Undergrad: 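Okay, handing you the structure first.
Quick caveat: nothing in here was measured; it's all calculated off a predicted structure.
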Amino acid sequence: MIKNILQKKWVKGFLIILGLCFLLFIGLYSSIYFGFWGALPTKEELGSLKQAEATQVLDKNGHLIGKYYIYDRQPIVYRDLPQHLIDALIATEDMRFYEHNGVDNKSLLRVFFKTILLGDRSSGGGSTITLQLAKNLYGRKDYGAFSIPVNKLKESFVAKRIEEIYSKQEILTLYFNTVPFPDNTYGIESAAQKFFSKPTNQLNLSEAATLIGSLKANHSYNPRLFPERSQLRRDVVLQQMVKSKYISSNLADKTMGEPIQLKYQYFNHDLGLAPYFREMVKKELFKILKKHKKSDKSDYDLYNDGLIVYTTLDSKMQLLAEEAMKEHMQILQNVYEKSYGNNPPWKNKAFLANTIKKLEIYNSYKKQGLTESQIIDSLSKKKEIELFEWKKNITKKISSLDSLQHYMKFLNAGMIAIEPSTGAVQTYLGGIDYRYFKYDHVSQSERQVGSTFKPFVYTAAVENGLKPCTYFSTKEVTYTNLDNWTPKNASEKEDPYLNYTLEKALSTSVNTIAVKVLNEVGIPNVIQQVRKLGITAPLSEKPAMALGTDAIKLKELAGAYASYINNGRSVKPYFITKIEDQKGNLIASFEPRISDSTAYSEYTRQVLLEMMKSTVNQGTAARLRTTYKLQNDIAGKTGTTQDNKDGWFVGITPELITVTWVGNDNYNMGFKTTALGQGANTALPIFAKWYQKMNQNSDFDTITKSKFASPSTEVLQDLNCKPQKRDNFLKRLFGKKKKKRKFSDNT
């Protein structure tokens, strides 16, 4: 009977084909085993697995604020994996995980008979956690028509070797550290931080099931993009956990009744908290790491070596600062645009044409030999572009010229807050939105500082013996040896017969007196004083410097102002405290950079601090008290530059020095009026709103409730005089004409 069957042609043909398939399989199996399709990893290589790890950036309290990576991966150990997370994975991906040796033969048979032969797609797959780990570790290659069988067999070899080397716990740890999650995220810790802003060990059942559910299809079950679909998939995971008896049906029902609550945190380079700060830290890290080598003398890789960078930033304070800036700048931008009416400079053809010629792309086309008309044609081609707007970004089909015109109108801002005793940077706002405005106004920008320079002039004056109650006339003076230069005050209505003390003159920011004080003390003495304060920026060495015509970086200004709190010693703002490798070994550490010597006497420090308290209490920054109702101990100085190009405010509190700037990146575009462009209206409100927010949060009580030390009796006595006095009748009678004099040649 059997003999007769075997003699039939179709049976013989089938057996021959079966034999050939078997020989082909044996040949393919052997060729893979012996490395014909590429060498398999050895047990030694598998025993020393090393995956690229993201460098983590932490704030002063150890909170993760950013990463530098090619693949967003952040490893953890087994004890950090919650049991319900492990259970969810096994119930969903590999129910027989603890029973097989890497390849689940029973599951493969089930797949063959039920899924392939019977077409039952609900029967599940045959891939194990260990097989998936092998794929995660080594990926898949393109072998043409043989891709699927070759890759599958290679993974089975690797999976079995992994099972021989590692325990089940170690395999689970490796898997969770390498498995890809949505949004280009690798490893459970990175996914937990990104989607729920918490470490893995704090994931609840719903969150764990959501992330496990996304493994089936990273994009399709991305909870950020498809919340409803993700929730349905989460519920499938919970049902599988009930089926595997990991959780009760009651707990599953309760959890399925809860919506997914994402707390998404971007860690890419352009988004998230403090992007300008993170970019500045990255630049500094490249410089630092060049000076250090690994134990094997190789270079550190910022993107792959899993370094841990500890910074001085306070992430909670930073968040409030960013909120305050956005709230104010949105309002200010609207008022700024309306002030120009229907003919703003960014719509002026001549102004626009002149600006175009300064663009890199324009000069690039010019070097290529294109004519003016050809360049304009190239810049006029339209394409879909997402444009920044304060309320909501918009997408439009526009040209490069349209884009230029759109962005020219935007005001920008910068803000830095440091600890005065150390220089540790607490908050850092380099601009209004890093995605569209990459230029860092804290570390890169140098702008005229306006009246924020005046305290340095008065500091030099007091340090050189000028008493705080010395009176100076507010009257304008024409300096004949300076091309008849006549410094003017912001208000044309000021009484020319008034005389102010140094305190009154500084607190109300009187330009005419600032120049007279500079003339009295001498330009060399002021420059010497400024250098003692740690400012290295070039200075003009001209009388107009008293009005802040020189450009200084925000961070230099902050370091100098710190001296008024830090016993006369300036500081250099710093932002990295230490760098460790992935094992916690110290690579480098950094200490505060405080000036070795005092820049002036304690008497001078107390006098200037009292003067700048007056600026807040009844001077140009009084709206901190009146409009914003701040009752904190605050001193400070406002600043406005020529033609209202820049607005400044320096806030001094016992625990913080804050410098805020607002202006247009195009220096040819100032504010329409002084009322709009003055520092009290542009820069001060950011500080004010920020402090209001901190006042409402008890976490900042040590900062917001701190008090200035009382000044000495000598200082109080020397400041105890009428802030102003008026010229007598004879002086008024014979002093009607504008005074003319020479500016002292004291250089």
Side-chain angles (χ1 to χ4, degrees), residues 411-418 429-430 439-461 487 489-490 505-511 513-515 517-518 523 526-527 529-564 570-573 599 608 611-612 615 619-621 635-652 657-665 667 670-671 674 677-684 686-687:
L411 296 169
N412 224 308
M415 174 180 169
I416 185 173
I418 66 171
L429 305 178
Y439 193 67
D440 185 341
H441 294 90
V442 173
S443 293
Q444 292 178 282
S445 180
E446 290 184 341
R447 302 283 293 219
Q448 290 186 352
V449 293
S451 296
T452 60
F453 190 86
K454 289 176 183 174
F456 306 147
V457 176
Y458 286 76
T459 297
N489 294 318
L506 181 61
S507 66
T508 55
S509 206
V510 180
N511 290 338
I513 293 180
V515 176
V517 172
L518 177 69
I523 290 176
V526 171
I527 290 175
Q529 185 65 73
V530 171
R531 296 305 182 209
K532 285 182 179 180
L533 288 166
I535 292 176
T536 60
L539 299 174
S540 59
E541 302 186 20
K542 294 180 179 179
M545 69 185 293
L547 308 182
T549 55
D550 292 311
I552 302 173
K553 291 180 179 178
L554 269 75
K555 62 181 183 180
E556 271 205 344
L557 205 58
Y561 267 89
S563 64
Y564 297 112
S570 63
V571 297
K572 295 287 185 185
L608 263 293
M611 287 182 177
M612 287 187 281
T615 302
T620 57
K637 187 70 190 79
T638 57
T640 311
T641 61
Q642 190 174 11
D643 297 327
N644 311 307
K645 300 291 179 62
D646 306 90
W648 293 84
F649 180 68
V650 180
I652 304 172
I657 299 294
T658 308
V659 180
T660 309
W661 165 88
V662 170
N664 194 300
D665 283 333
Y667 203 70
F671 289 87
T674 300
Q678 62 181 310
N681 187 64
T682 58
L684 177 146
I686 298 176
F687 172 88

Undergrad: Which atom names give the shortest non-hydrogen contact between Thr658 and Ala417, and what distance separates them?
TA: OG1-CB, 3.7 Å
Undergrad: What is the distance from atom OG1 of Thr682 to atom CG of Leu411, rounded to the nearest 0.5 Å?
TA: 8.5 Å
Undergrad: Show the nearest heavy-atom pair for residues Leu554 and Ile416, with the distance to one decimal.
TA: O-CG2, 4.1 Å
Undergrad: Return yes if some donor-acceptor pair links the side-chain N/O of Thr660 with the main-chain N/O of Leu684 below 3.5 Å, else return no.
TA: no
Undergrad: For residues Arg447 and Thr641, determine if any side-chain heavy atom of one lies less than 4.5 Å from a side-chain heavy atom of the other.
TA: no
Undergrad: State, to 0.1 Å, how close Ala621 and Thr638 come at their nearest heavy-atom pair, and which atoms those are.
TA: CB-CG2, 4.0 Å
Undergrad: Check the surroundings of atom CD in Gln642: do more than 12 heavy atoms from other residues, nucleotides or ligands lie under 6.0 Å from it?
TA: no
Undergrad: Once side chain to side chain contact (heavy atoms under 4.5 Å, CB included) is applied, do any residues pair with Ala599, and if so which ones, sequence neighbours excluded?
TA: Gln529, Lys532, Leu533
Undergrad: Roughly how far, to the nearest 0.5 Å, is CG of Asn681 from CG of Asn644?
TA: 10.5 Å
Undergrad: Are the side chains of Lys454 and Val517 in touch, meaning some heavy atoms are under 4.5 Å apart?
TA: no
Undergrad: Output the distance between atom CZ (Phe453) and atom CE (Met545), rounded to the nearest 0.5 Å.
TA: 3.5 Å
Undergrad: Looking at Gly534 and Ser570, what are the two nearest heavy atoms and their distance?
TA: N-OG, 4.0 Å
Undergrad: Are Phe649 and Val662 side-chain neighbours, meaning at least one heavy-atom pair lies under 4.5 Å?
TA: no
Undergrad: State, to 0.1 Å, how close Thr452 and Phe456 come at their nearest heavy-atom pair, and which atoms those are.
TA: O-CE1, 4.2 Å
Undergrad: Under the rule for side-chain hydrogen bond (donor to acceptor under 3.5 Å, both in side chains), what residues qualify as partners of Ser443, not counting sequence neighbours?
TA: Tyr428
Undergrad: With rounding to the nearest 0.5 Å, note down the distance linking CD1 in Ile652 to OH in Tyr561.
TA: 6.5 Å
Undergrad: Where do Ser451 and Asn511 come nearest, in terms of heavy atoms and distance?
TA: OG-OD1, 4.3 Å
Undergrad: Heavy atoms, side chains only, cut-off 4.5 Å: are Tyr667 and Asp646 in contact?
TA: yes
Undergrad: Step by step, would you call His441 with Asp665 a side-chain contact (heavy atoms from CB on, under 4.5 Å)?
TA: CA-CA 9 Å; His441 294 90; Asp665 283 333; 2.5 Å; yes
Undergrad: Might you work through the side-chain contact (heavy atoms from CB on, under 4.5 Å) test for Ile523 and Leu518, ending with a clear yes or no?
TA: CA-CA 6 Å; Ile523 290 176; Leu518 177 69; 4.1 Å; yes
Undergrad: Please report the C-alpha distance between Tyr564 and Thr459 in whole Å, then the side-chain angles of each, then the deciding distance to 0.1 Å, and finally whether the side chain to side chain donor-acceptor pair (under 3.5 Å) criterion is met.
TA: CA-CA 10 Å; Tyr564 297 112; Thr459 297; 2.7 Å; yes
Undergrad: Nearest 0.5 Å, what's the CH2-CE distance between Trp661 and Met415?
TA: 14.5 Å
Undergrad: Going from CD on Gln448 to CG on Leu547, what distance comes out if it is rounded to the nearest 0.5 angstrom?
TA: 10.0 Å
Undergrad: Go through the side-chain N and O atoms of Thr620 and Ser509 and say whether any donor and acceptor fall under 3.5 Å apart.
TA: no
Undergrad: Give me each pair satisfying salt bridge (charged side-chain N to carboxylate O under 4.0 Å, His left out) with a member in residues 544-561, each pair once, sequence neighbours excluded.
TA: none
